[in-house]
Q: 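The structure follows.
Along the sequence shown, residues carry numbers from 1. As the structure lists them, so they are numbered: ligands from 1, and atoms in each ligand from 1.
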Amino acid sequence: MKPIALFRNAAVTLVATFALFTTTHAAAPMVKSSAPGYYRVMLGDFEITAISDGVFPAPMDKLLVGIKPADLDKALKKHHLTLPVDTSVNAYLINTGTKLVMVDSGAGSNMGPAAGRLLANIKASGYAPEQIDEIYITHMHGDHIGGLSALGAAVFPNAVVRADKLDADYWLSQANMDKAPPDGKGGFEHAITAFQPYIAAGKFKPFEGNTDLIPGVKAVAAHGHTPGHTTYLVESKGQKLILWGDLMHLAAVQFEQPSVALKFDSDNKAAIAEREKAYAMAAKEGYMIGSAHLSFPGLGYLRTEGRGYAWIPVNYVYIP
Ligand SMILES: [Zn+2]
């Protein structure tokens with residue numbers, strides 16, 4: 001064989017070997033989906049399960065009130081965030097041993113494709129929607145009530161749903177929807193649609209202000225973000241968890257500056273006052289906080305820092 005032919009043969013072998021090598025060792029395709037979103041902690045004798053509904057992209061530059069654009073830019077950079085900010089939507093299950101309670105119900109189809117995962121994550125966490133006895137709603141915005149019903153039917157067929165009467169009177173009113181401007185009607189529509197199956201079945205039971213709901217869980221009024229916005233205080237064996245709903249929205253800004261408010265607050269001043277009161281109490285008492293829009297699981301503690309506050313996420317625990 002001539003040297004040139006030898007070289008050609010060697011080259012062919014090399015190419016074939018290389019082809020074999022690349023096909024047998026191809027990179028695995030990217031999976032590109034997240035783990036099921038649930039996280040469990042104990043609170044005294046109660047089992048708390050944070051359930052992720054996913055996230056939605058929040059244009060915080062258009063939603064926050066009372067902060068200069070340059071200051072918002074600075075805060076976002078400091079926290080490695082970009083606009084629109086992926087904003088968690090969290091709900092919480094409380095198993096008291098005698099009742100299974102859920103606080104808020106996610107966005108359903110109201111907030112885009114990266115939200116609305118509540119039901120899948122409840123199932124992944126080991127519960128079935130039929131097992132939920134009570135649902136406590138912090139307020140009737142679409143990202144907290146959208147998961148209650150689907151295609152006109154109750155997603156939680158055995159649950160009694162409860163919320164403050166002031167929110168019910170406001171958001172479930174056809175008259176209020178009729179007089180709202182065209183871009184404001186959606187909020188009323190979301191509420192009426194979500195609650196309709198429960199109202200029809202006699203399973204919506206509003207309460208008025210601070211109310212003991214079941215042993216270990218009480219409603220604590222924090223009106224301002226909406227007319228009947230409510231937080232829920234959970235207590236077992238002296239351990240406390242307060243579920244904040246929408247007392248705050250953006251950790252990167254509103255812990256350092258509680259006076260920054262949200263365009264969607266029904267009453268900015270009242271919302272700010274409730275936020276400041278809740279922060280001061282949480283920092284002083286040291287109890288656990290669960291918040292609807294803090295990065296999932298949204299559980300942690302608050303301490304004072306400078307003129308504002310700092311957030312301490314819970315330490316990861318694994319329950320085998
Ligand atoms: Zn919200």
Q: One thing to verify: whether Glu47 and Arg40 come together as a salt bridge, which I'm taking to mean a side-chain N less than 4.0 angstrom from a carboxylate O.
A: yes
Q: State the atom name: nearest N, O or S atom of Asp143 to the Zn ion (ligand 1).
A: OD2
Q: Is the number of heavy atoms from other residues, nucleotides or ligands under 6.0 Å of Lys185 NZ greater than 12?
A: yes
Q: Quick check: closest heavy atoms across Tyr287 and Tyr301, and the distance to 0.1 Å?
A: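 For Tyr287 versus Tyr301, the nearest heavy atoms are O-CD2, 3.5 Å.
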Q: Using a strict threshold of under 4.0 Å (side-chain N to carboxylate O), is an ion pair present between Lys237 and Asp45?
A: yes
Q: At the Zn ion (ligand 1), what angle lies between atom OD2 of Asp246 and atom NE2 of His144, rounded to 10 degrees?
A: 100°
Q: Between the Zn ion (ligand 1) and His293, is there an N, O or S atom separated by less than 2.8 Å?
A: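 Yes.
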